[in-house]
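Taking it in order: structure first as structure tokens, then the write-up.
Just so it is clear: chains get the letters A, B, ... in the order the sequence lines come, proteins before strands, and each one is counted from 1. Please read these numbers as outputs of a predicted model, since none were measured by experiment.
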There are 2 protein chains.
Amino acid sequence: MNVMTGGKLKLVQAALKLATETRSLTSLGLRELAREAGLNPNTFYRHFKNLDDLGLQVLGYIAAEMKTGVRQLRMVAESSEQAATTTVTFVYNYFLENPAATTVAVRELYGSSPLLRRALANQLDTSAREMAEDLMQQGLIPRRLPEQTVREISHMTIRYILFRAMDYIEKPDQRDAIRAETERFINRQFRGATLDQLSNEEFEALTAALEQNG
Amino acid sequence: MNVMTGGKLKLVQAALKLATETRSLTSLGLRELAREAGLNPNTFYRHFKNLDDLGLQVLGYIAAEMKTGVRQLRMVAESSEQAATTTVTFVYNYFLENPAATTVAVRELYGSSPLLRRALANQLDTSAREMAEDLMQQGLIPRRLPEQTVREISHMTIRYILFRAMDYIEKPDQRDAIRAETERFINRQFRGATLDQLSNEEFEALTAALEQNG
DNA sequence: GCGTCAGGTATACGGTTGTATACCTTAATG
DNA sequence: CATTAAGGTATACAACCGTATACCTGACGC
């Protein structure tokens, strides 16, 4: 039912390509799309009501692509031991294999179309919730962290990785550094969160003790 | 010399307004700008070579605005005691008072113009460096954190706050929550970083001990 | 075998766009 | 006072845009 074929698929893929290479999704032209897809301009109206409609359907296409990617990702993560490193690697690899979708998501998350923004934010929230579930199920997280804290950190991390993925895609020579930096980010968030209840004095006492014990 | 007056200023402000309300900076039209500014379309060419040139000058205008804002910010921060909370508050207030510039910055940081992206990234790097200097000077940071770690966290934080500022601007009822969340973000990063050298075993031993001592 | 309908095409129209050229006003400069 | 330059305007043009209407083709159900 929602599998796209023929001209419609061509138009959506053309939109992804053009949105990545030249402009934002919301500023694409109908004739421009048809030209890229090798179709007559009016064919557009056979599949979409207007350009906003196209934007939403492109987002749906991206979401569907992402969902299969995330499912694969979860299976790999479950069969792994040191899941922090491998998870980060696989998430970035996933973005790397879907550069157009990633770019569009980044550009439209705070873009000018409220409709697209809302849809994308919901998508990210879902991903964050799933990520939090996975992390807790796998026991990757200090056990006594409140669920809400885990969700909050997952939410921040998803957004952080999404934006960082743009650099990851475009700067191959920095990929190792970006992965390492992201792991530090995650570890610091979760480790730091275990100290949430400590006052400044307690925390300073702790670090002083740590420094002594070496 | 670089103070803008008359028609040029009108055009730049029109660009900021339109980029915020309707579209991305790089997709604005020349006649659209002139209409908004109440000028003849061809007046544009008296001040700018083309639309890319306009984009760069708008960025310069934003950077100048930001610089005075940050200077005020630093003065306030120096005279304050609990600088973490007040700094976050003032940074968000600053973005709140410059919504157009903030929106443009967010949209173009990963937008389609490499020129604008590079300029914005440099601007953010400078801000991160200054933030790191300030934080270390004020002694707000666990003393033995390596300078590079402080810079890295500052870099992450600047970006995090910039994007979060979009929600801060648009959702007044969530502002308290966003500020609190940002403080947690910063505290967790810096506190977590003090534990960077600990192995997983050492860290778990630490948390177990903390749990006992209450 | 005939109607129906989805998908693709051709042509056309009014409006907008970026840009070129030429003209006008104002202020400063010699 | 004449010249020059900056800033703003008017008109014009070719290109492109979104959209409307009409036409063509093949596959399908009855």
Sugar-phosphate only, base, or nothing, as touched by B:Phe44 at under 4.0 Å among non-hydrogen atoms: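 The residue B:Phe44 makes no contact with any strand.
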
Whether B:Ser154 side chain and B:Val150 backbone form a donor-acceptor pair below 3.5 Å: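 Here the side-chain-to-backbone pair exists.
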
Donor-acceptor contact below 3.5 Å, side chain A:Ser27 vs main chain A:Arg23: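 Between the backbone of A:Arg23 and the side chain of A:Ser27 there is no qualifying donor-acceptor contact (under 3.5 Å).
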
Among [options], find the nucleotide with the atom closest to the side chain of [X].
X       : options                : result
A:Leu51 : D:dT21, D:dG18, C:dA20 : D:dG18
B:Arg31 : D:dA10, C:dT9, D:dA12  : D:dA12
B:Arg46 : D:dG7, D:dG18, D:dA10  : D:dG7
B:Tyr45 : D:dG18, C:dG18, D:dC17 : C:dG18
B:Asn42 : C:dT19, C:dG7, D:dA10  : D:dA10

What integer distance in Å separates [X]:[atom1] from [N]:[atom2]?
X       : N      : atom1 : atom2 : answer
B:Asn40 : C:dA20 : CG    : C1'   : 13 Å
A:Glu32 : D:dA15 : CD    : P     : 18 Å
B:Phe48 : D:dG7  : CZ    : P     : 11 Å
A:Glu36 : D:dC16 : CD    : P     : 16 Å
A:Arg23 : D:dC17 : CZ    : P     : 9 Å
A:Leu30 : D:dT19 : CG    : P     : 7 Å
B:Arg35 : D:dT9  : CZ    : P     : 15 Å
A:Asn50 : D:dC17 : CG    : C1'   : 15 Å

Proximity of A:Tyr168 and A:Phe95 rings by center, below 6.0 Å: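 So the answer is no for these two rings.
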
DNA chain D: 5'-proximal contact among A:Pro41 and B:Thr43 (nearest heavy atom):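 Its nearest nucleotide lies further toward 5', so the answer is B:Thr43.
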
OP1 or OP2 of D:dG8 under 4.0 Å from side-chain N/O of B:His47: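 Indeed, a polar side-chain atom of B:His47 lies that close.
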
Cation over ring face, B:Arg107 and A:Tyr110, 6.0 Å, 45°: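 The answer is no; the distance or angle limit is not met.
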
Which residue lies more 5' along DNA chain C, comparing B:Lys49 with A:Leu39 via nearest heavy atoms: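 That would be A:Leu39.
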
Aromatic plane relationship, B:Phe185 with A:Phe185 - under 30° parallel, 30 to 60° tilted, over 60° perpendicular: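 A:Phe185 and B:Phe185: tilted rings.
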
